[in-house]
Amino acid sequence: MSDVKGSAALRASLVFNLGTLGALAADRFAARVEALGLKPKHAGLLAALDAGPAASQQELASRLGVAPSLVVALADQLQALGAVERLRDPDDRRRQVLTLTAEGRRLLARCAEAAEAADAELTAGLDPARHTALAEGLRALGERHVPH
């Protein structure tokens with residue numbers, strides 16, 4: 001006897017489809033930024049630095065919802081690439097703030113291009129109305145559920 005809530009119900013669920021497509025999208029984006037010598041988490045840190053004033057590693061960790069040790073490791077790698085620099089906070093000499101360099105801005109622009117290419121590949125074949133509806137729906141869900 002077939003279960004009423006079986007595989008068809010799972011395949012029809014929003015969360016299952018978002019998870020499947022999210023994994024696919026993440027893999028495609030990761031492959032593109034890997035060509036730049038980066039991982040998606042590096043791109044996220046670059047974007048966070050670009051989105052606001054210079055911030056300490058602790059503040060960035062809080063903003064991104066990750067462990068401070070991850071921000072330190074990512075910042076070390078980005079600093080080695082010349083993408084970020086650590087500067088002493090003039091108001092608190094014990095604190096270092098991270099800032100984007102010109103190279104960091106260049107890498108961030110290349111990450112944005114990689115994301116746009118992955119978007120185009122993933123949504124190829126959608127008519128403009130469906131593309132717009134998908135973008136608006138995902139943005140609305142993100143605003144509600146993902147801290148920025």
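Each residue takes its place number in the sequence, starting with 1. This structure is a prediction, so every number in the text was calculated from the model and none was measured.
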Expected output: side-chain Thr101 to main-chain Ala83 donor-acceptor under 3.5 Å
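Yes, the answer is positive, given that a donor and an acceptor are paired below the 3.5 Å cut-off.
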Do you reckon Leu21 sits in the same ILVMFWY cluster as Leu14, going by side-chain contacts under 4.5 Å, direct or chained?
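Looking at the clustering, Leu14 is in a separate group from Leu21.
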Side-chain heavy atoms under 4.5 angstrom apart, residues restricted to Ile, Leu, Val, Met, Phe, Trp, Tyr: same cluster for Leu141 and Val15?
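No, separate clusters.
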Provide the closest heavy-atom pair for [X] versus [Y] in the form atom of the first, atom of the second, distance.
X     : Y     : answer
Pro53 : Arg63 : O-NH2, 4.1 Å
Asp91 : Asp89 : N-OD1, 2.8 Å
Arg88 : Arg93 : CD-O, 3.0 Å

Where at least one partner belongs to residues 12-25, residue pairs that pass side-chain hydrogen bond (donor to acceptor under 3.5 Å, both in side chains), sequence neighbours excluded:
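Sorted pair list comes back empty.
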Listing request: all side-chain hydrogen bond (donor to acceptor under 3.5 Å, both in side chains) pairs with a residue in residues 31-43, at least two apart in sequence or in separate chains.
Arg32-Glu121, His42-Gln77
Here the gap from His131 atom NE2 to Leu126 atom CG, rounded to the nearest 0.5 Å, amounts to 7.0 Å
Inter-residue atom distance Ser62.OG - Gln57.CD, 0.5 Å rounding
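Here the rounded value is 14.0 Å.
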Once salt bridge (Lys or Arg N to Asp or Glu O under 4.0 Å) is applied, do any residues pair with Glu85, and if so which ones, sequence neighbours excluded?
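In terms of salt bridge (Lys or Arg N to Asp or Glu O under 4.0 Å), with neighbours along the sequence ignored, Glu85 is linked to no residue.
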Taken in chain and number order and not counting sequence neighbours, the residues that satisfy salt bridge (Lys or Arg N to Asp or Glu O under 4.0 Å) with Asp27 are none
Arg28 atom CZ, neighbour heavy-atom count above 12 within 6.0 Å
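Yes - once you tally the heavy atoms of other residues, nucleotides and ligands closer than 6.0 Å, there are more than 12.
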Residue list, side-chain contact (heavy atoms from CB on, under 4.5 Å) with Arg144, at least two apart or on another chain:
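With neighbours one apart ignored, the set is empty.
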Through direct or indirect side-chain contacts below 4.5 angstrom among Ile, Leu, Val, Met, Phe, Trp and Tyr, which residues connect to Leu45?
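Other cluster members: Phe29, Val33, Leu36, Leu38, Leu46, Leu49, Leu60, Leu64, Val66, Leu70, Val71, Leu74, Leu78, Leu81, Val84, Leu98, Leu100, Leu107, Leu108.
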Any donor-acceptor pair under 3.5 Å linking the side-chain atoms of Arg95 with those of Gln58?
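On atom types as modelled, these side chains do not qualify, holding no pair under 3.5 Å.
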Short N-O contact, Glu136 and Arg139, less than 4.0 angstrom:
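Between Arg139 and Glu136 there is no salt bridge, as every charged N stays at least 4.0 Å from the carboxylate O atoms.
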